[in-house]
Amino acid sequence: MTAERILPLLVAVPLLGAALLVGAGRWLPRYTADVFGLFVSGGTGALAVAQLVGVRGATGPVEWVAGWRPEGGSGVGIVLVGDGAGLGLAALISALVTAALVYSRRFFDEPPPGQAGAFPALLLLFQAGMCGFVLTGDLFNAFVFFELMGVIAYALTGYRVEEARAVQGALTFGFVNSLGGYATLLGIGLLYARTGELGFAQIGAALDAAAGGGDALVTTGFALVATGLLVKAAAVPFHFWLPDAHSVAPTPVCMLLSGVMVELGVYGIARLYWATFAGPGGVPAADAHRVLLVQGVLTAVLGAVMCWQQRHLKRLLAFSTIAHTGLFLTALSALTPEAATGVGVYLVAHAGVKAALFGCVGVLLDRFGSVDERELHGRGRELRFVGVLFAVGGLALAGLPPFGTALGKALCEEAAGPGATVLFVAVSAVTGAAVLRTAAGVFLGAGEPPAGPPHFPRAAARGPRTEHRSAATGGRGAGESGTSDEHDTAPGPEQEGEPETTGSGEEPETAGPVTRAPDSMLVATTALLAGGLAVGCVPALWPHLAHAADGLSDHSAYIAAVFGSPETPPASTAPNWKVSGVLLDLLATLLALVLARTAPRITAGTRRAAWARPLRRLHSGHVGDYVACTVAGMALLGLLLR
Amino acid sequence: MTELPVLLGLLLATTAGTAAALTRDPVHQALVLSVLGLALALLFTLLQAPDVALSQLAVGTVLTPLMVLLSVRKVRRRPREDSPADGRGGKR
Amino acid sequence: MNKTVRLWVLGVGCAGVALLFVGAFRRLPEFGGSHHPYGARAVAAALHRHTANVVSSVNFDQRSFDTLGEQAILFGAVLGTVVVLRQARDERRVPPEPAVVAPTVRRYALVSLPLTLLVGLYVVAHGQLSPGGGFQGGLVVATALHLLYVAVDYRALERLRPVPVFALADAFGDVAYLLLGLAGLFAGASFLANVLPLGTFNTLASGGLVPLLNAAIGIEVASAAVVLLAQFLDQALELVPREGEHR
Amino acid sequence: MNLLPFLCAGWLFLVGCYALATSRNLIHAVGALAVCQSSTYVLLLAVGYRSGGTAPVFSDVPPGARPVVDPVVQALTLTDVVVGATVTALLLALVVQIAKRHGTVDPDELRELRG
């Protein structure tokens, strides 16, 4: 079998694994199902890596599924493009899914009856959807896999159906993402009407062949297709679903959502622009630059501000993901291969670090039944190793060399110019500081302990939304002002009606409270963090990342590869550390430490900055608000593209 | 004018869609959705897409409204059981 | 956001999107035009592969990878629905009471059940020839089974429709599609390649792989629809909260 | 007149969005999303339509006798219909769980995830 024949297997193998797990789930013991899932996801990853090693230059194997290789001109089939970016992301996805499967070994005491394999099967389907999305060279096929990712992600987010918040977050996620998907499909329809093609490269070639360049139809098509991708990437104002979904999803799912699915939106934008719209008949570079820059800066700033305001640890990490996606988009707006390389390095390292941070929070959740910063204050002292991992993750997020995040940040700063550098340093410092602040509070007990008694007996809180929780969970915290009308007996430190999500009263995800962190969780978390470190420390990886970025950002090379006459674009030099970059990284880390040091006093004293309150009110958890913002965002995209 | 049936089908489907969106009561909406499914199936037939019309007929007029109705039934059962007169959680 | 603000944001957004739409639609090719390059190629390719229904050829041969993703969505959504609607710890099952059905309704439903079933199977089998195929036929078959609910009652439906069997059939359809795809790979061609003999144009055995993939999808869609509806019926008719735990 | 099919598609999308954003019942919102999606069917099939064309099925019509409408958009729409049904099912399942856990399906009363 030749290399290109293997490509569809990266989708087919996890699908087959999932189907077998569900089919045999009735008879399989839990352990066998888990091991089988691990085997399949790991095997798929190995396939992707084996393919990746074979990629020479910027373009890799190109496969026409079902053998519909066109003979002269355009064909009728679907093309899969196994270039560096696609295969590299497939390998990253597989690695994260495998880590999530290891991590979830001790999870979920109660699989659905007769469905021991349901959770690993869903993860495998998720893997298949993501791999298909990164490999396909066909716009409609990308939409199909986009929807597959979405459907599975909604189900995974709502997996813990006994949690009131989980089902709400999953539904919000479902509504906003489906709406984005339909916008994408409308855009595909418009582009098909103009060009009569569906492939990225075919549409691009047809657009370039038409005289006169892009018009209103082309830009609207781009805006509509990009809407779906920006919803996935959680760019402002499409981002509202992300914190709601991430704060409620099971921890291993958070790892995947934050670690890679959101970033696939960024990849999708990059692929769409460069493969299809970067030619003379597409979207002018200045317009694309403006859209990405505005969206990126807005997203980064909002993400950082909101991240700092959170006390729900998963929600805090979710907003930090939004901030970093904003940074990726900002860097991408330079539209150069160097920027693509920087984003690639940053993205891969961020995936490892962010997933590891979620892993640490998951341990806290299972140990204490809470992910609330104030309620956990000082209680993490016994989990020293987890505390170290969490703090190191925070430092990596801020950009501590030699983590890959630091290298990626430095490369992005260099590519995006001095104005963006300020943004990069500030945003990574604030998000890193937010994590360090909680690390100091939870694991060292630094700062003042929270006001008021930490627990109220469950009976104190009355109402339909609290009583259904099983009595096994920990007590609800003092600050549960989200349901303000019910808390006359438990006045929290907050004003009534303060827009806030606390992290207390969460359902632990393991069978019972864990007395010590299970090895499987620690192994997965440590490996993920080590992965984030390796991206910055293993020079052998860098040329591959540069090649992948070259292939991604070359319009004509992509089209030529799909049409069967691969050309090798001029290879840019492999990235490396530079003194200026390291200094800026150290500056960001230092800022983060200073900010985190002063933080306990800030939060314990004045509670919340009043000026950020309108912003927090905007995140209302109301589907109607989110839909209105999504529609307004589509109009904004159109406006920016004029 | 040869396209007249297509235009009429379009207007019918658009009207049904608007009505389905603006019908606030879910039970009534399920019925209007089923009309929308029918109107779309008709439109697709006129647009020479019998394959799509067939699946729209099955999905739009039967499957989706049925699931909506069943969900409404499940959701509406709750308040009745909550009433003190019938607090035993029994059937209906 | 309060209601007024939301309506303003929505109004501005809708106006902007409407402008975008109108601007784009004015540049679209004329409605009913004859320029369809991909469509023309697809027709030629379908005829070349002896498949009379071009839509089936596109779905199950030319763009069969789309259908692979689509059936994965179906499979995943069914699995997701089963997971989300599982019996929670605080719920219990109450068997529904037998229902009284008017004899005419019963007779009508019992007569139309086998008919509908037959129609569904016919539609699946002729997917490569006439409009229809696995999706449409599968849905008709699933609908036919639910006539039992109309004709007799929910308990009769439950006896004749063991959900675990259909869940297994759902997985089987999925696996069958994938194995048919892998067969191409083992035959030395591409994944999902149509390597079977193509048969005579416009006969039941034409189109090579198309009828087989069609059948796999038919099995999957029929059982997926049955399992999906079973989950909702279960929720609406059987599952109730345990006493005292809900308000 | 030539724009009408496309304008209808655009209208369906926007009216669905309006209903979704102002919905007071999550089940109704799922229905509104289905209306949004029907816009994609209309747009795709309108794009593939051809005046005087017949269905792309050659069991009764000999190939080449009459022009046929675009079969590719029909295949895409077919996929889209199935995707829509599954998404609807999953969202309805989540709504059912919300009703159980929150005791309401009014989005105005779901006030847990904020800030």
Stepwise, does the side-chain contact (heavy atoms from CB on, under 4.5 Å) test hold for A/V22 with C/F75?
CA-CA 10 Å; A/V22 172; C/F75 184 72; 3.7 Å; yes

Contacting region of C/A77 [heavy-atom separation from chain A under 4.5 Å]
both

Side chain, backbone, both or neither of A/L80 within contact of chain C (heavy atoms, under 4.5 Å)
side chain

dist C/D174:CG -> A/L15:CG (nearest 0.5 Å) comes out at 6.5 Å

Can you give each donor-acceptor pair under 3.5 Å made by side-chain atoms of residues 625-634 of chain A, sequence neighbours left out, with the distance rounded to 0.1 Å?
{"unit_1": "A/D625", "atom_1": "OD1", "unit_2": "C/R6", "atom_2": "NE", "d": "2.6"}
{"unit_1": "A/D625", "atom_1": "OD2", "unit_2": "A/S620", "atom_2": "OG", "d": "2.6"}
{"unit_1": "A/Y626", "atom_1": "OH", "unit_2": "A/D244", "atom_2": "OD2", "d": "2.9"}
{"unit_1": "A/Y626", "atom_1": "OH", "unit_2": "A/G621", "atom_2": "N", "d": "2.7"}
{"unit_1": "A/T630", "atom_1": "OG1", "unit_2": "A/Y626", "atom_2": "O", "d": "2.7"}

Correct closest heavy-atom pair for A/A193 and C/P29 would be O-CG, 3.2 Å

Engaged part of C/F172 at the chain A interface, taking heavy atoms whose separation is under 4.5 Å:
neither

Start with the C-alpha distance between A/Y154 and C/V84, add both sets of side-chain angles, then the distance that settles side-chain contact (heavy atoms from CB on, under 4.5 Å), and finish with yes or no.
CA-CA 10 Å; A/Y154 318 150; C/V84 170; over 6 Å; no

How close do A/A66 and C/S64 get, heavy atom to heavy atom, and via which atoms?
CB-OG, 4.0 Å

Once rounded to the nearest 0.5 Å, what's the spacing between atom CD of A/Q202 and atom OH of C/Y38?
8.0 Å

Under 4.5 Å from any heavy atom of chain C - which part of A/F126
neither

Checked A/L637, A/L217, A/V76, A/L641 vs chain C; the most non-hydrogen pairs under 4.5 Å come from A/V76

Residues that A/Q127 engages under side chain to side chain donor-acceptor pair (under 3.5 Å), provided they are two or more places apart:
A/S94

Quick check: do C/R63 and A/F140 have side-chain heavy atoms less than 4.5 Å from each other?
yes

If you count heavy-atom pairs within less than 4.5 Å of chain C, which of A/L618, A/T195, A/D138 leads?
A/D138

From the options A/L190, A/D215, A/T220, select the one residue that forms a side-chain contact (heavy atoms from CB on, under 4.5 Å) with C/R27.
A/D215

Over-ring placement of C/R41 relative to A/W68, 6.0 Å and 45° cut-offs
no

Quick one: which of C/A193, C/A169, C/G16 has the most heavy-atom pairs under 4.5 Å with chain A, could you say?
C/A193

Structural part of A/L224 lying under 4.5 Å from a heavy atom of chain C:
side chain

For C/L168, is it the side chain, the backbone, both, or neither that has a heavy atom closer than 4.5 Å to a heavy atom of chain A?
side chain

In terms of heavy-atom pairs under 4.5 Å, which option from A/A155, A/G77, A/A18 contacts chain C the most?
A/G77

Mark yes or no for whether A/Y159, through its side chain, and C/V83, through its backbone, hold a donor-acceptor pair below 3.5 Å.
no

Specify the closest pair of heavy atoms between A/L20 and C/V175, including all atoms of both residues, with the distance to one decimal.
CD2-CG2, 4.2 Å

Counting only non-hydrogen atoms closer than 4.5 Å, can you tell me which residues of residues 207-223 of chain C sit against chain A?
none

For C/R93, does the CZ atom have more than 12 heavy-atom neighbours from other residues, nucleotides or ligands under 6.0 Å away?
yes

For A/A216 and C/A24 the tightest heavy-atom approach is O-CB, 4.2 Å

Heavy-atom cut-off 4.5 Å, strictly under: side chain, backbone, both or neither for C/L74 against chain A?
neither

When the 4.5 angstrom heavy-atom criterion is applied to C/D61 and chain A, the contacting part is both

Take C/F65 and A/F145, measure what side-chain contact (heavy atoms from CB on, under 4.5 Å) needs, and give me the verdict at the end.
CA-CA 10 Å; C/F65 203 59; A/F145 285 116; 3.7 Å; yes

Among A/R5, A/E4, A/R69, which residue meets the side-chain hydrogen bond (donor to acceptor under 3.5 Å, both in side chains) test with C/S190?
A/R5

Contacting region of A/I152 [heavy-atom separation from chain C under 4.5 Å]
side chain

Minimum heavy-atom distance A/N141-C/D66, with the two atoms named:
ND2-OD1, 2.6 Å

Going by the rule side chain to side chain donor-acceptor pair (under 3.5 Å), which residues pair with C/S57 if we only count those two or more places apart in sequence or in a different chain?
C/Q62

Of the listed residues (C/L178, C/D170, C/L10), which shares the most heavy-atom pairs with chain A below a 4.5 Å separation?
C/L178

What part of A/V151 gets within 4.5 angstrom of chain C, counting heavy atoms only: side chain, backbone, both, or neither?
side chain

Would you give the length of the straight line joining atom CG of C/L20 to atom CG of A/L639, rounded to the nearest 0.5 angstrom?
9.0 Å

Is it the side chain or the backbone of A/V11 that comes within 4.5 Å of chain C heavy atoms, both, or neither?
side chain

Which portion of A/L21 sits near chain C, non-hydrogen atoms under 4.5 angstrom:
neither

Worked check of side-chain contact (heavy atoms from CB on, under 4.5 Å) between A/R194 and C/L28:
CA-CA 6 Å; A/R194 164 59 58 85; C/L28 277 174; 5.9 Å; no

In terms of heavy-atom pairs under 4.5 Å with chain C, the winner among A/L125, A/T219, A/L636 is A/L125

Chain A interface, residue from C/G39, C/A72, C/G23 that has the most non-hydrogen pairs under 4.5 Å
C/A72

Where do A/V65 and C/L192 come nearest, in terms of heavy atoms and distance?
CG1-CD1, 4.1 Å

